[in-house]
Amino acid sequence: MEIRTDRILITGACGWLGKRLTRVIAQRSLDLDLLRELPRNLRIRCLVLSREDTQEVEKMGVEVLQGNLCNPADCAKFCEGAKNAVLLHAAGIIHPRRVKELYQLSVPRTRNLLQAAIGAQVRRVVIVSSNSPIGLNPHVGHVFDESSPYHPYMNYGRSKMQMEFAVNEVEKSGKIETVIVRPPWFYGPDQPPRQTLFFSMIRAGKAPIVGSGNNLRSMAYIDNLCEGLLLAAFVEGARGKIYWVADRRPYSMNEIVDTVERLLEEEFKLPVAHKRVRLPNLASGVATLVDGTLQSFGLYNQKIHVLSEMNKNIACSVAKAEAELGYNPKVSLEEGMRRSLAFCMQEGMQI
């Protein structure tokens, strides 16, 4: 693997994934040959929104530029002087206030960024997409791969699908190299409050299990995801391709909740309620109907949307990333959740 750049650009560096990705690169904190091969004079430039607190990112010794992807001039400034650089586009929005925000970020801002990167002669752009453009598995045991057809789940999925179409158009122009990475639900240190709330609900016995709880969900420990993104950035043969990046196997909802509960009690010595909120499949069905109705009026409710997915199968195969990128997800659910909970304790978060 030949490293041909001394500059890496990262969007969304104050977000969960962007911050972790910046830390991994700046501190070389993954056991990955690629990181050891990066040049000593590597420069990292991050784009963040003006309203975001950048102190933690700045402590990593990186260049921080404030700007907005909706402004082409900010995108041009971000990419200025970055010939042959690699750009990791990790900025995104998962739970918006209004549906229109999904389309404003996923498509126009990605186009602005790509055009600025082309103008600056950036070598490759790695785009973080999602599982949502492909939708839901038809049954337990089915897994998505890179040949699975588009079947987007609601507006988030449609916006990401449109973004992938826009990226593919640019790739076909031959003006810049692109790679799309599709992560599912990810977890790990630097997590936002919504993930800590999930842990609190499990401890309090309020975690919802809809249906049997045997539905399968692929998850990506955040350092596994960072590894996949870096490999997508530097493996020559990845150009123009799409990769699923997740833990090696999917987990049932029962396994996810049971693992967190066991770690809380046995390793972190916290009392747990040993209860679940058992709901029939109808609960997710009703939530799906309400979610779809709200979104048709441009509204979005995070709790209803999450409930709508609780009994769904969203599982993928990482075989292509393993074969073509050399992807090797070293951390699986128990160790990943152990590190996640340790981070919460270290940061004084209430669980």
Side-chain angles (χ1 to χ4, degrees), residues 8-13 15 17-18 21 46-49 67-80 82 85-96 98-135 144-184 225 228-229 232-233 237-245 295 298 300 316 320-321:
I8 293 178
L9 309 178
I10 303 171
T11 67
L17 175 57
L21 188 57
C46 299
L47 182 67
V48 303
L49 293 170
N68 197 312
L69 292 171
C70 69
N71 186 338
D74 287 349
C75 292
K77 186 176 180 181
F78 175 54
C79 295
E80 184 179 3
V86 167
L87 195 163
L88 298 159
H89 181 30
I93 184 169
I94 297 176
H95 297 296
R98 295 288 186 271
V99 168
K100 66 180 180 181
E101 296 174 20
L102 295 171
Y103 296 95
Q104 289 171 341
L105 181 62
S106 290
V107 184
R109 298 181 189 182
T110 300
R111 282 201 178 106
N112 288 342
L113 185 64
L114 287 169
Q115 290 306 311
I118 291 170
Q121 296 182 285
V122 168
R123 179 171 67 87
R124 178 175 289 185
V125 181
V126 178
I127 307 288
V128 179
S129 184
S130 165
N131 56 267
S132 290
I134 311 303
F144 294 126
D145 61 21
E146 288 76 4
S147 67
S148 300
Y150 286 104
H151 193 258
Y153 187 70
M154 296 201 180
N155 284 288
Y156 184 76
R158 283 190 284 273
S159 68
K160 289 294 188 181
M161 179 182 70
Q162 291 178 11
M163 182 192 73
E164 289 192 11
F165 289 166
V167 173
N168 288 333
E169 285 178 12
V170 171
E171 171 63 37
K172 289 176 183 177
S173 73
K175 296 178 180 177
I176 195 168
E177 300 180 12
T178 66
V179 186
I180 294 171
V181 170
R182 290 177 181 156
L225 178 52
L229 289 168
R239 177 178 183 171
K241 295 183 180 180
I242 296 173
Y243 295 97
W244 289 95
V245 172
Q295 291 197 32
Y300 184 92
C316 67
K320 182 179 177 181

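Numbers for residues simply follow the sequence, beginning at 1.
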Intermediate values then yes/no, side-chain contact (heavy atoms from CB on, under 4.5 Å), M163 and S129: CA-CA 8 Å; M163 182 192 73; S129 184; 3.9 Å; yes

Test item: N131 and W244 side chains (from C-beta on) under 4.5 Å apart, heavy atoms: yes

Pairwise distance CD(Q162) to CZ(F165) - rounded to 0.5 angstrom: 8.0 Å

Sole candidate of V179, I176, I127 that passes side-chain contact (heavy atoms from CB on, under 4.5 Å) when paired with V167: I127

Residue pair I134 / Y150, side-chain heavy-atom distance below 4.5 Å: yes

Where R123 and A233 come nearest, the two heavy atoms and their spacing: NH2-O, 3.8 Å

From N168 atom CG to S173 atom OG, the distance as rounded to the nearest 0.5 Å: 11.0 Å

Closest heavy-atom pair and its distance - V245, G228: CG1-CA, 4.1 Å

Pairwise distance CZ(R158) to CE(M161) - rounded to 0.5 angstrom: 8.0 Å

Exam field: side chain R124 to backbone A232, donor-acceptor pair closer than 3.5 Å: yes

Nearest heavy-atom neighbours spanning D74 and G67: OD2-CA, 3.4 Å

V128 side chain reached by H89 side chain, heavy atoms, under 4.5 Å: no

Trace of the salt bridge (Lys or Arg N to Asp or Glu O under 4.0 Å) decision for E146 with K241: CA-CA 9 Å; E146 288 76 4; K241 295 183 180 180; over 6 Å; no

Residue pair V170, V125: steps toward the side-chain contact (heavy atoms from CB on, under 4.5 Å) verdict: CA-CA 11 Å; V170 171; V125 181; over 6 Å; no

Kindly list each side-chain donor-acceptor pair under 3.5 angstrom involving residues 111-122, sequence neighbours excluded, with atom names and distances?
from: N112; atom 1: ND2; to: L69; atom 2: O; distance (Å): 3.0
from: N112; atom 1: ND2; to: C70; atom 2: O; distance (Å): 3.4

Interatomic spacing from CZ in R182 to CZ in F144 - rounded to 0.5 Å: 9.5 Å

Gap between atom CD of E80 and atom CG of L9 - 0.5 Å precision: 11.5 Å

Shortest non-hydrogen contact from I93 toward Y156: O-CE1, 3.1 Å

Mutual orientation of the aromatic rings belonging to H95 and Y300 [parallel < 30°, tilted 30-60°, perpendicular > 60°]: tilted

Beyond-backbone contact of V181 with L225, side-chain heavy atoms, under 4.5 angstrom: yes

Check: D145 and K320 side chains under 4.5 Å, non-hydrogen atoms: no

Short side-chain to backbone donor-acceptor contact, T11 and A90, under 3.5 Å: yes

Point-to-point distance, once rounded to the nearest 0.5 Å, from CG of N68 to CZ of F78: 12.5 Å

For the student: nearest non-hydrogen atoms of S130 and E164, plus distance: O-OE2, 4.5 Å

Side-chain (E171) to main-chain (T178) donor-acceptor, under 3.5 angstrom: yes

